[in-house]
Structure formats: C-alpha cells, structure tokens
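Note that this is a predicted model, so its numbers are computed, not measured. Here, residue 1 is the first one in the sequence, and each next residue gets the next number.
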Amino acid sequence: MKTLYIVRHGETDWNKMGKYQGITDVPLNENGLAQAKACGEALSHVHFDRILSSDLSRALVTAESIRRNRSIPISTDKRLRELNFGDWEALLFSEIEERWPGLIDEMYLKPHIVRVPNGESFKELQERAWAGLEEFISANDEEETLLITCHGGTIRTLLCKLLDISISHCWNFSQGNTAINRVFYNGMGEFDHNILNLLNDTAHVDTLQGYQ
C-alpha cells in the first residue's frame, strides 16, 4: 500500500479576489506563504519518501514549505496543473456570467459535460493529471508515503479517479487553500480499492487565523 498526501496550494491574490485561476502562474501571497508554512508544521511528523508537485509556483512553493529540511528532491509535472480556464482566466464570476450567461452555473452543476470556452473540460483535466500521478506512483512497487501538491480542481478530479466516482461529483469535495487529503492507495485493478482517510483538513489554517 502507498499513502498519498494530496495538498492544495496556499492562497494567491487571485484566490482572494475571486478571479478564476487556472494555468496562469500566480504566486502565493503573504497569507498563502503563512498557510504553506503552517501546513508544513502540521505535516512535520510525517515521513515522506517522494514528493511530486505541479510546476506552477503556487504549488511548488507549497511543496517546498512542507518539505522543510527533509533531504528529498521535488519532482515537478505540468500535467498536474489546474484546469485551463481558457477565456475565463483572470475573470470574476460576475464577469463570466455577464459574457456567458448560465454557463458557469452549468459547469458547477454538470462538470462532466461542460468544456470551458477555449479551455479544458474536467475530463481532459482528469486524464492528464491522472497520467502524471499514475506514472509517479508506479515508479516502484514499494510501500511508500508520497506528497503531491497541486490545485483544487485537479485534486477533485483525482479523488474521483482514485475512488472510482463519476467526475460529475467532483464539486462535492471541498478543497480549501493548503487542504490536506490522505488516500490509502492499493491500486486501480478490478479487485483493488482505495480509501479516502482524510479530506480537506484545514485545521492548521483555522489555527493560523485564530479559530478554535
């Protein structure tokens, strides 16, 4: 069995403003850096054998913050990038609704059907992200604990794949900034099953913000 810790990146200014942020390389803001540091402290007790990150800086810096002083190289893979939002990149929900009435609501209701104008569908995202993650997981047959840092939409589609759930349910998974997810991975064969052991753990962010 392999244990997968799948973590979303910290906050960016676009997250804070509500702009749609896909393949654009937007860095972590001050709060995002603090979140990533807190996430690293929350996972400081975990032994990681290998680390994989999206090549976008917000995910890579998050991975570096979690790695801390461990002597582990970080592999990057652009296939783990966020959904390509195409014409929606850098726009607010209200701006998208004004230009494409009803389409953004349909994306949230029917993610298995909608393809973003001049961007990607969630199925395309899932296929490329899973290809990258599967390759990383399958690099050896040893029992390992792996860290994967990437993006909210990417994580949602990967969880659907790992749990053999229709991608139509991808928005059923909350994913806050630096959310920690843990999956016990046994394989993708007919008689294998994977277990979602932890979902959207953001207790370290709540502590950072003074919540009890």
Colleague: Holding to side-chain hydrogen bond (donor to acceptor under 3.5 Å, both in side chains), I want the full list of residues that pass it with K2, two or more places apart in sequence or in another chain.
Modeller: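 Counting only residues at least two positions away or on another chain, K2 forms a side-chain hydrogen bond (donor to acceptor under 3.5 Å, both in side chains) with N140, E144.
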
Colleague: Side chains of D192 and N186 only: does a donor on one sit below 3.5 Å from an acceptor on the other?
Modeller: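 No, N186 and D192 have no side-chain donor paired with an acceptor closer than 3.5 Å.
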
Colleague: Which value, rounded to the nearest 0.5 Å, describes the distance between I167 atom CD1 and S121 atom OG?
Modeller: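 So the CD1 of I167 and the OG of S121 are separated by 7.0 Å.
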
Colleague: Is the shortest heavy-atom distance from the side chain of H9 to the side chain of Q21 under 4.5 Å?
Modeller: yes

Colleague: Residues two or more places apart in sequence or in another chain: which of them pass side chain to side chain contact (heavy atoms under 4.5 Å, CB included) with D141?
Modeller: none

Colleague: Counting C-beta onward and ignoring hydrogens, is there a side-chain heavy-atom pair between V7 and C39 closer than 4.5 Å?
Modeller: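 SC-SC contact between V7 and C39 confirmed.
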
Colleague: When you group the ILVMFWY residues by side-chain heavy-atom contacts below 4.5 Å and let the links chain together, are I74 and L146 in the same group?
Modeller: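 As far as the 4.5 Å side-chain criterion goes, I74 and L146 are not connected within one cluster.
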
Colleague: How long is the gap from OG1 on T149 to CG on L56, to the nearest 0.5 Å?
Modeller: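 If I round to the nearest 0.5 Å, the distance is 10.5 Å.
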
Colleague: Could you work out, with side-chain hydrogen bond (donor to acceptor under 3.5 Å, both in side chains) as the rule, every residue matching N15, not counting sequence neighbours?
Modeller: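 N15 satisfies side-chain hydrogen bond (donor to acceptor under 3.5 Å, both in side chains) with T12, N177 once adjacent residues are dropped.
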
Colleague: May I ask whether L162 and L196 are part of the same hydrophobic cluster, defined by side-chain heavy atoms of I, L, V, M, F, W, Y residues being less than 4.5 angstrom apart, directly or through others?
Modeller: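 L162 clusters together with L196.
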
Colleague: For a side chain to side chain contact (heavy atoms under 4.5 Å, CB included) check, start with the C-alpha distance between I155 and C150, then their side-chain angles and the critical distance, and finish with the verdict.
Modeller: CA-CA 7 Å; I155 292 171; C150 51; 3.6 Å; yes

Colleague: According to a 4.5 Å side-chain heavy-atom criterion applied to Ile, Leu, Val, Met, Phe, Trp and Tyr, with indirect links allowed, do L133 and L147 form part of one hydrophobic cluster?
Modeller: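 No, because L133 and L147 fall into different hydrophobic clusters, even though each may have its own neighbours under 4.5 Å.
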
Colleague: Is R182 close to T3 at the side-chain level, that is, under 4.5 Å between some pair of heavy atoms?
Modeller: yes

Colleague: Between R58 and E11, is there a salt bridge with N-O shorter than 4.0 Å?
Modeller: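 Salt bridge absent between E11 and R58.
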
Colleague: Walk me through it: do E98 and F93 pass the test side chain to side chain contact (heavy atoms under 4.5 Å, CB included)?
Modeller: CA-CA 9 Å; E98 182 179 354; F93 182 100; over 6 Å; no

Colleague: Treating S166 as the side-chain partner and S168 as the backbone partner, does any N or O pair qualify as donor plus acceptor under 3.5 Å?
Modeller: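 Yes; judged by distance alone, with no hydrogens or angles, the pair exists.
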
Colleague: For E143, what residues pass the side chain to side chain contact (heavy atoms under 4.5 Å, CB included) criterion, not counting sequence neighbours?
Modeller: none

Colleague: Taking atom types as modelled, is there a side-chain donor on D206 or H204 under 3.5 Å from an acceptor on the other?
Modeller: no

Colleague: Mark yes or no for whether E134, through its side chain, and A131, through its backbone, hold a donor-acceptor pair below 3.5 Å.
Modeller: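 A pair under 3.5 Å: no.
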
Colleague: Please list, chain by chain and in numerical order, all residues satisfying ring pair (Phe, Tyr, Trp, His ring centres under 6.0 Å) with F136, sequence neighbours excluded.
Modeller: none

Colleague: Would you please name every residue forming a side chain to side chain contact (heavy atoms under 4.5 Å, CB included) with L109, sequence neighbours left out?
Modeller: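 L109: no side chain to side chain contact (heavy atoms under 4.5 Å, CB included) contacts found.
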
Colleague: Please determine whether side chain to side chain contact (heavy atoms under 4.5 Å, CB included) holds for the pair M188 and N194, giving the CA-CA distance in whole Å, both sets of side-chain angles, and the decisive distance to 0.1 Å.
Modeller: CA-CA 8 Å; M188 299 297 289; N194 303 312; 3.4 Å; yes

Colleague: Are the ring centres of F122 and W171 closer than 6.0 Å?
Modeller: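 F122 vs W171: aromatic centres under 6.0 Å.
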
Colleague: I'd like to check the side chain to side chain contact (heavy atoms under 4.5 Å, CB included) partners of S57; sequence neighbours left out, ordered by chain and number.
Modeller: D25, P27

Colleague: Answer whether the closest heavy-atom distance between the side chains of T76 and L60 falls below 4.5 Å.
Modeller: yes

Colleague: If you look at every heavy atom in S44 and E41, which pair is closest and at what distance?
Modeller: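 Taking every non-hydrogen atom into account, OG-O, 2.9 Å.
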
Colleague: To the nearest 0.5 Å, tell me how far F48 CZ sits from I51 CD1.
Modeller: 7.0 Å

Colleague: Looking at C160 and H169, what are the two nearest heavy atoms and their distance?
Modeller: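 Closest approach of C160 to H169: SG-C, 4.2 Å.
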
Colleague: Say whether W130 and I6 are linked into one hydrophobic cluster, either directly or through other cluster members, by side-chain heavy-atom distances under 4.5 angstrom.
Modeller: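 Yes, it is one cluster - the side chains of W130 and I6 are joined through contacts under 4.5 Å.
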
Colleague: Which residues satisfy the side-chain hydrogen bond (donor to acceptor under 3.5 Å, both in side chains) test with H45, sequence neighbours excluded?
Modeller: none

Colleague: Can you tell me how far apart CG (L83) and CZ (R128) are? Round to the nearest 0.5 Å.
Modeller: 7.0 Å

Colleague: Who are the side-chain hydrogen bond (donor to acceptor under 3.5 Å, both in side chains) partners of T157, not counting sequence neighbours?
Modeller: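 So T157 forms no side-chain hydrogen bond (donor to acceptor under 3.5 Å, both in side chains) with any residue.
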
Colleague: Which residue pairs pass the salt bridge (Lys or Arg N to Asp or Glu O under 4.0 Å) test when at least one of the two sits in residues 75-86, sequence neighbours left out?
Modeller: D55-R81, D77-R79, R79-E135

Colleague: Show me the pairs that pass side-chain hydrogen bond (donor to acceptor under 3.5 Å, both in side chains) and involve residues 100-110, at least two apart or across chains.
Modeller: Y20-Y108

Colleague: Can N84 and E124 be counted as having a side-chain donor-acceptor contact under 3.5 angstrom?
Modeller: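 Result is no, nothing qualifies.
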
Colleague: Just wondering, do D87 and V116 contact through their side chains at under 4.5 Å, heavy atoms?
Modeller: no

Colleague: Treating Ile, Leu, Val, Met, Phe, Trp and Tyr as nodes and any side-chain heavy-atom pair under 4.5 angstrom as an edge, say whether L52 and V183 lie in one connected cluster.
Modeller: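 The answer is yes; both residues are in one hydrophobic cluster.
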
Colleague: Donor-acceptor pair, distance only, cut-off 3.5 Å: does the side chain of E89 make one with the backbone of I23?
Modeller: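 Indeed, once roles are kept as given, a pair shorter than 3.5 Å links the two residues.
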
Colleague: Which pairs, with at least one residue in residues 62-72 and sequence neighbours excluded, count as a side-chain hydrogen bond (donor to acceptor under 3.5 Å, both in side chains)?
Modeller: none

Colleague: Output, in order, the C-alpha distance, side-chain angles, deciding distance and verdict of side chain to side chain contact (heavy atoms under 4.5 Å, CB included) for K19 and V26.
Modeller: CA-CA 11 Å; K19 290 185 176 183; V26 184; over 6 Å; no

Colleague: Quick one: are I137 and L4 in side-chain contact, heavy atoms under 4.5 Å?
Modeller: yes

Colleague: Nearest 0.5 Å, what's the CG-OH distance between L43 and Y5?
Modeller: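 Going from CG on L43 over to OH on Y5, the span is 6.5 Å.
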
Colleague: What's the spacing between N181 CG and N197 CG if we round to 0.5 Å?
Modeller: 10.5 Å

Colleague: Flag the pair F173 / N200 as yes when at least one side-chain heavy-atom distance between them is below 4.5 Å, and no otherwise.
Modeller: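 No. Closest side-chain heavy atoms not under 4.5 Å.
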
Colleague: Between the side chain of R8 and the main-chain N/O of Q175, is any donor-acceptor distance below 3.5 Å?
Modeller: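 Side chain of R8 to backbone of Q175: a pair is present.
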
Colleague: Within the 3.5 Å criterion, strictly below it, is a donor on H151 or S54 matched to an acceptor on the partner's side chain?
Modeller: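 The answer is yes; a qualifying pair exists.
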
Colleague: Contact between I195 and H193 at the side-chain level, heavy atoms closer than 4.5 Å - yes or no?
Modeller: yes

